[in-house]
Trainee: 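Just passing along the structure, written as structure tokens.
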Amino acid sequence: MSKIIILMGAPGAGKGTQARLLQERQGLPQISTGDMFRALKEAQTPLAEELRVIMNAGRLVPDELTARVVKERTSQPDCRRGYILDGFPRTTAQTEMLEELAGEQGHQLVAVLVDVPFGMLERRATGRRHCPICGEIYNVHFKPPAVDNTCDLHPDTQLRQRADDNPETMKQRLVTYERDTQPLLDYYDRSGRLHRVDGTRDPKAIYADIERIVMASE
Ligand code: AP5
Ligand code: MG
């Protein structure tokens, strides 16, 4: 049966890193609500300004808008065989919406928690850089590019840092995660759909576990 792979985890846990590997190797599209909102907030519109304020404060975008964005994106033809959700759902209302959506679309849900202790997350977030062209994710401590601050794949392109990857916003993102999103783990656990992987290891070892889980969940 076709699947929706839900990648769960705290800010900086490695959801995006694993989603990109899954996309490349399983041929399923990565649907990252964070990436979609970051693209939306670049416009010169009242909505963009609203998103900038919310995201820079480490709070959540309202459920109604988030649901609309996910519904629209996942109704595209490339999602027919299933897809990877990176950063969604994050609230009980989003979880309920996803149950309904998965039913309508005929996909099975598989949730994977990339488990990393909170104490390791700040260095991951504040050290993160990304390529604005291809989205490749780097880290000045853990995965530096070959040439300082330059994408390995796009040598003319300077890497960027996210506006919310500063210690202050990161603190609030962790509070938001603990309050609104962590309780959802129980929900998926109770229905036997939550798989935990140790996210403190090398990304390749984490990916191997996730791939096994995805293959086994028929
Ligand atoms: P979003 O973009 O989803 O941010 P997040 O959940 O805080 O997660 P991150 O993207 O920071 O971390 P990640 O787990 O993807 O880690 P990554 O692989 O990059 O959301 C941003 C904002 O958008 C939210 O705060 C909210 O405002 C809004 N939003 C988004 N979705 C929403 C929703 N559903 N509802 C409402 N609002 C929503 O890795 C991090 C770093 O660590 C990288 O530098 C990487 O190289 C490194 N790294 C990765 N894996 C490893 C490893 N195994 N070992 C060492 N380093 C590693
Ligand atoms: Mg991410």
Side-chain angles (χ1 to χ4, degrees), residues 6-23 30-41 50-71 73-74 84-98 101 112-118 120-131 135-145 151-152 159-166 168-182 184 197-210:
I6 309 170
L7 287 180
M8 308 191 76
K15 302 180 293 296
T17 299
Q18 295 302 324
R20 286 175 68 84
L21 290 171
L22 273 168
Q23 167 164 269
Q30 170 196 11
I31 316 288
S32 160
T33 40
D35 286 350
M36 290 191 284
F37 291 140
R38 271 185 290 282
L40 283 173
K41 84 179 165 75
E50 209 178 307
L51 288 174
R52 277 194 288 274
V53 170
I54 292 172
M55 293 170 79
N56 291 349
R59 293 188 280 117
L60 292 181
V61 175
D63 285 331
E64 202 248 335
L65 173 62
T66 306
R68 241 168 50 212
V69 164
V70 170
K71 224 175 221 172
R73 175 64 187 89
T74 62
I84 304 151
L85 284 175
D86 160 9
F88 181 93
R90 274 166 129 105
T91 64
T92 304
Q94 293 179 15
T95 309
E96 288 163 0
M97 176 265 176
L98 179 61
L101 189 69
V112 179
L113 168 68
V114 182
D115 203 4
V116 178
F118 276 23
M120 291 176 80
L121 296 171
E122 186 171 318
R123 257 166 86 79
R124 287 203 185 180
T126 55
R128 171 171 40 199
R129 304 289 184 273
H130 67 275
C131 171
E136 184 64 13
I137 305 169
Y138 296 90
N139 192 292
V140 297
H141 310 296
F142 308 115
K143 191 193 169 193
C151 179
D152 294 350
L159 299 182
R160 297 211 182 136
Q161 187 170 19
R162 270 168 46 177
D164 60 349
D165 275 344
N166 59 76
E168 199 191 332
T169 308
M170 187 55 186
K171 220 173 268 163
Q172 186 53 49
R173 285 160 63 197
L174 286 171
V175 169
T176 304
Y177 173 77
E178 214 174 0
R179 185 191 56 216
D180 297 328
T181 308
Q182 220 166 25
L184 308 180
V197 299
D198 174 359
T200 64
R201 298 164 300 154
D202 182 83
K204 287 199 185 80
I206 301 168
Y207 178 76
D209 280 2
I210 297 177

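Ligands are counted one by one from 1 in listed order, and the atoms in each one are counted from 1 as well. The first residue in the sequence is number 1, and the count goes up from there.
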Trainee: Non-hydrogen atoms closer than 4.0 Å to ligand 1: which protein residues do they belong to? List them by chain and number, please.
Mentor: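 Lining ligand 1 at under 4.0 Å, by heavy atoms, one finds Ala10, Pro11, Gly12, Ala13, Gly14, Lys15, Gly16, Thr17, Thr33, Gly34, Phe37, Arg38, Met55, Arg59, Leu60, Val61, Thr66, Gly87, Phe88, Arg90, Gln94, Arg124, Arg128, Ile137, Tyr138, Asn139, Phe142, Arg162, Asp164, Arg173, Gly199, Arg201, Pro203, Ile206.
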Trainee: Could you tell me whether Asp86 and Lys15 have a side-chain N and a carboxylate O separated by less than 4.0 Å?
Mentor: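 So Asp86 does not pair with Lys15 through a salt bridge.
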Trainee: Report yes or no: do Asn166 and Thr169 form a side-chain donor-acceptor pair below 3.5 Å?
Mentor: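 There is such a pair between these side chains.
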Trainee: Does one side chain, of Asp165 or Thr126, offer a donor that lies under 3.5 Å from an acceptor on the other?
Mentor: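 Short answer, no.
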Trainee: Report the residues that fulfil side-chain hydrogen bond (donor to acceptor under 3.5 Å, both in side chains) with Lys71, sequence neighbours left out, ordered by chain and then residue number.
Mentor: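 With sequence neighbours excluded, Lys71 shows a side-chain hydrogen bond (donor to acceptor under 3.5 Å, both in side chains) to no residue whatsoever.
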Trainee: With sequence neighbours excluded, tell me which residues meet side-chain hydrogen bond (donor to acceptor under 3.5 Å, both in side chains) with Asn56.
Mentor: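 Listed in chain order: nothing, the list is empty.
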Trainee: Using the test side chain to side chain contact (heavy atoms under 4.5 Å, CB included), find all partners of Thr176 that sit at least two apart in sequence or belong to another chain.
Mentor: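 By the side chain to side chain contact (heavy atoms under 4.5 Å, CB included) rule, Thr176 matches Leu60, Gln172, Arg179, Asp180.
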